[in-house]
Amino acid sequence: MNPIKRIAIIGAGPSGLTAAKSAFECGLEPTVFEQSEDLGGVWKGRGAHAWEGMKTNISRHSCCFSDYPWKSSAPLFPNQAEVRTYLGAYARHFRISDRIRLGAEVVGLGRRDSIWEIRWRENGREHAARYEFVVVASGFFARPFIPRVRGLDSFRGTVLHSHDYWTPEDFEGKRLLVVGGAFSGLEIAAELSPVCREVVTLVRRPCWILPRLVPQGSSKVPVDFALFRRGDSGAMPDLTRKEKNRQSNQRLSDLALNPDERGHPLWVDKDSSQPPFVAISDGFVDAVSRREVLVRSGELTGLGPDSAAFFDGTEAKIDAVVFATGYRLELPFLSEPEKTCLAFDPSDSLQPTLLHRATFHPGLPGIAFVGLYRGPFFGIVELQARWATGVFSGNAPELDRLRAAAGLTEELAIRTERPRPQFPHGDYVNFADQIAKEICVLPSLSTDDPLNSRVQRGPVVPAHYRLSGFGANPRVARQTIAGLPGDS
């Protein structure tokens, strides 16, 4: 009898938890190393990216794992505490909890004689162990990024990154500047507008602002139901990049809340051939229309003791600044040769590593990366985890090195693309289906199957990838798909 092979998983956020579950599913023995004292990654609580009032920007039908749907009584868009509770329940249900070492910070990782040695610090002592395989699931949102701003050290007010924002109480009566116009910046500005004396949001470029519920026919559906549909994905194969961008902008304009007034800081040209940028917020545009939030476009050029200076030469009096300016990936436990192999560039906020389908590198055997690209969703990270553990265990085909090398070329093209897109893999459905093909779990139903039209033309949810193939759970998958609300 062959001994059970061991796999080390770095990180106990959604990516690490589903990697551990997938490892069990594939007959591997996982150990999860988590440097903090709780699981959940960005959802685990204060100081972990998701603030107390934050809600998911996609519905619970998409923000879940394929064989562990939310209870029907759960909110359509769960909040931070509810997602944290869901992840804890997932870990207990699939008996992952006992495999997690909390307070275990990985400090080194190296390969010797076809085995990975991992070193970690726990309870003030350093430890080491050897594993056949490794999954790096430490998260893309590693280091909050605050740009260099002239005069930042002289500013006498409150300065924090959105990563450290928790509740509105500390901002009551203050004149606030929010730097950044993506999801976090818009949502925080809207949440703080009722308690602040004044809120100014500085956006570098306007984006399409979508509500969580968008019109579809005579009703409304979750925004992910409108955006992630297999019938729409890849429907423009013969168009140029600019033509695809123009069609995407026109489609988004039908769903967005942006003002139609040309010259407004939130106005976006629906006929633009530039890559579309999207944010999701229910309250921001209304707060702007009520003049509770003032929007400015351009750059922050400097800070004084109680003021902010902008690119157009104007200034505003402020008492606090929240930088919603994104994150930078960090991989401190990897050696320099491994980082070089990955073409790791920590300053690149879009594409800091080059990995085949954001998962494998043909030059680094026995290791995979899950959830380390910008914009991951539960369904994608689960597919990455199933692919990684499937390859390691032999339940999925071996990595095709030629195809993987071609994949690195595609990733490099994303890194060098100008103008840069918002996400490296913005076509969620196509990217999920590509990984699903690698592990032979792409849904394929007969034409007389009552679920066929829902799968082929309806919204794509993680349960699609449990209908067949290794690890299939058709009973739960079919029940989940059949129970989706609306005309899906």
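Side-chain contact between T359 and L383 is absent, with no heavy atoms from C-beta onward closer than 4.5 Å. Residues F377 and C63 are not in side-chain contact: their nearest non-hydrogen atoms beyond the backbone lie 4.5 Å or more apart. In this structure, the side chains of T240 and E243 come closer than 4.5 Å at one or more pairs of heavy atoms. Taking 4.5 Å as the limit, every side-chain heavy atom of L210 sits out of range of all side-chain heavy atoms of N57. R241 is listed as a side-chain neighbour of E417, based on a closest heavy-atom distance under 4.5 Å. Looking at heavy atoms from C-beta onward, R374 lies in side-chain contact with P424 at the 4.5 angstrom threshold. Two residues are said to be in side-chain contact when any heavy atoms from C-beta on lie closer than 4.5 Å; F183 and M54 meet this criterion. Annotation: side chain of R415 is in contact with side chain of L354 (closest heavy-atom distance under 4.5 Å).
In this pair, F228 and Y428 present their aromatic rings tilted. The plane angle is within the 30 to 60° band. Using cut-offs of 30° and 60° on the angle between ring planes, the pair H61 and F225 is tilted. F378 and Y86 have tilted rings, their planes meeting at an angle from 30° to 60° on a 0 to 90° scale. Ring geometry for F431 against H425 counts as parallel: the plane angle stays under 30°, on a 0 to 90° scale with 60° as the upper cut.
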Exercise for the section: Give the intermediate values and the outcome of side-chain contact (heavy atoms from CB on, under 4.5 Å) for residues L484 and R454. Expected result: CA-CA 9 Å; L484 293 177; R454 283 176 170 252; 4.0 Å; yes

Practice task
I would like to know whether H464 and R230 meet side-chain hydrogen bond (donor to acceptor under 3.5 Å, both in side chains); could you show each step before the answer?
Solution key: CA-CA 11 Å; H464 283 197; R230 185 167 284 110; 3.0 Å; yes

Handout entry: Stepwise side-chain hydrogen bond (donor to acceptor under 3.5 Å, both in side chains) test for D170 and Y165
Key = CA-CA 10 Å; D170 293 339; Y165 170 71; over 6 Å; no

Practice task
Any chance you could lay out the side-chain contact (heavy atoms from CB on, under 4.5 Å) test for V107 and W120, step after step, and finish with the verdict?
Solution key: CA-CA 5 Å; V107 296; W120 74 96; 5.5 Å; no

Exercise for the section: Quick one: do D98 and R92 satisfy salt bridge (charged side-chain N to carboxylate O under 4.0 Å, His left out)? Show the steps, please. Expected result: CA-CA 8 Å; D98 293 341; R92 291 189 297 274; over 6 Å; no

Problem - Derivation and outcome, side-chain contact (heavy atoms from CB on, under 4.5 Å), residues E132 and I115 - result: CA-CA 5 Å; E132 283 84 359; I115 296 291; 4.0 Å; yes

Practice task
Decide side-chain hydrogen bond (donor to acceptor under 3.5 Å, both in side chains) for S335 and E338; before the verdict, give the C-alpha distance in whole Å, the side-chain angles of both, and the deciding distance to 0.1 Å.
Solution key: CA-CA 5 Å; S335 68; E338 289 156 351; 3.1 Å; yes

Exercise for the section: Give the intermediate values and the outcome of side-chain contact (heavy atoms from CB on, under 4.5 Å) for residues D224 and V460. Expected result: CA-CA 9 Å; D224 41 300; V460 173; over 6 Å; no

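For the residue pair Q422 and L350, the shortest heavy atom distance occurs at O-CD1, 3.7 Å. E438 approaches H356 most closely through the heavy-atom pair OE2-NE2, 3.8 Å. The shortest non-hydrogen separation linking P462 to E382 is CB-OE1, 4.3 Å. Closest heavy-atom contact between V134 and I7: N-CG1, 4.2 Å. What you find for P222 and S59 is that their closest heavy atoms are CB-CB, 3.7 Å. L102 approaches E122 most closely through the heavy-atom pair O-OE2, 4.0 Å.
N79 places a side-chain N or O within donor-acceptor distance of the main-chain N or O of A81, the cut-off being under 3.5 Å. Side-chain atoms of N245 come within 3.5 Å of backbone atoms of S273 as a donor-acceptor pair (strictly under, hydrogens ignored). Judged purely by atom type and a 3.5 angstrom limit, E34 has no side-chain atom pairing as donor or acceptor with the backbone of R101. Distance alone, capped at 3.5 Å, is enough to place a donor-acceptor pair between the S22 side chain and the T18 backbone. Although no hydrogens or angles enter the test, the distance criterion places a donor-acceptor pair under 3.5 Å between the side chain of D345 and the main chain of S347.
With rounding to the nearest 0.5 Å, the separation of CZ in F360 from CD in Q384 is 9.5 Å. Here the OG1-CD distance, from T447 to Q456, works out to 10.5 Å after rounding to the nearest 0.5 Å. Note that CD1 of I280 and CH2 of W208 are 14.5 Å apart. Values are rounded to the nearest 0.5 Å. Taking OG from S138 and CG from L329, the interatomic distance works out to 6.5 Å, rounded to the nearest 0.5 Å. Between R6 atom CZ and T31 atom OG1 the span is 6.0 Å, to the nearest 0.5 Å. Here the straight-line distance linking atom CG of L399 with atom CG of L402 works out to 10.0 Å at 0.5 Å rounding.
A 6.0 Å sphere centred on CZ of R401 holds no more than 12 heavy atoms belonging to other residues, nucleotides or ligands. More than 12 heavy atoms of other residues, nucleotides or ligands lie within 6.0 Å of CZ in R418, so this atom counts as buried by the packing criterion. In I4, the CD1 atom is not crowded: 12 or fewer heavy atoms of neighbouring residues, nucleotides or ligands sit closer than 6.0 Å. Atom CZ of R204 sits in a sparse spot, with 12 or fewer heavy atoms from other residues, nucleotides or ligands closer than 6.0 Å.
Considering R212, E191, E187 in turn, E187 is the only one that fulfils the side chain to side chain donor-acceptor pair (under 3.5 Å) rule with S281.
For R205 and F277, the positive end sits near the middle of the six-membered ring, less than 6.0 Å away and at most 45° from its axis. Geometrically, K21 engages F94 in a cation-pi contact, judged by NZ or CZ lying under 6.0 Å from the ring centre and within 45° of the ring axis.
Looking at K5 and E29, no side-chain N of the basic residue comes within less than 4.0 Å of a carboxylate O on the acidic one, giving no salt bridge. A salt bridge links E25 to R466: one of the charged nitrogens lies within less than 4.0 Å of a carboxylate oxygen. Salt-bridge formation is detected for the pair R119/E126: a Lys NZ or Arg NE/NH1/NH2 atom is positioned less than 4.0 Å from an Asp or Glu carboxylate oxygen. By the 4.0 Å N-to-carboxylate-O rule, K339 lies close enough to E336 to be salt-bridged with it.
A centroid separation of less than 6.0 Å is found between the aromatic rings of Y327 and H49. Not less than 6.0 angstrom separates the ring centroid of Y131 from the ring centroid of W116.
In this structure, a donor-acceptor pair under 3.5 Å is absent between the side chains of H361 and E411. In this structure, a donor-acceptor pair under 3.5 Å is absent between the side chains of D38 and S36. Side-chain polar atoms of E52 and Q80 form no donor-acceptor pair below 3.5 angstrom. At a cut-off of 3.5 Å, with distance as the only test, no side-chain donor of W51 or D164 sits close to an acceptor on the other residue.
Annotation: salt bridge (charged side-chain N to carboxylate O under 4.0 Å, His left out) contacts of D449 (sequence neighbours excluded): R478.
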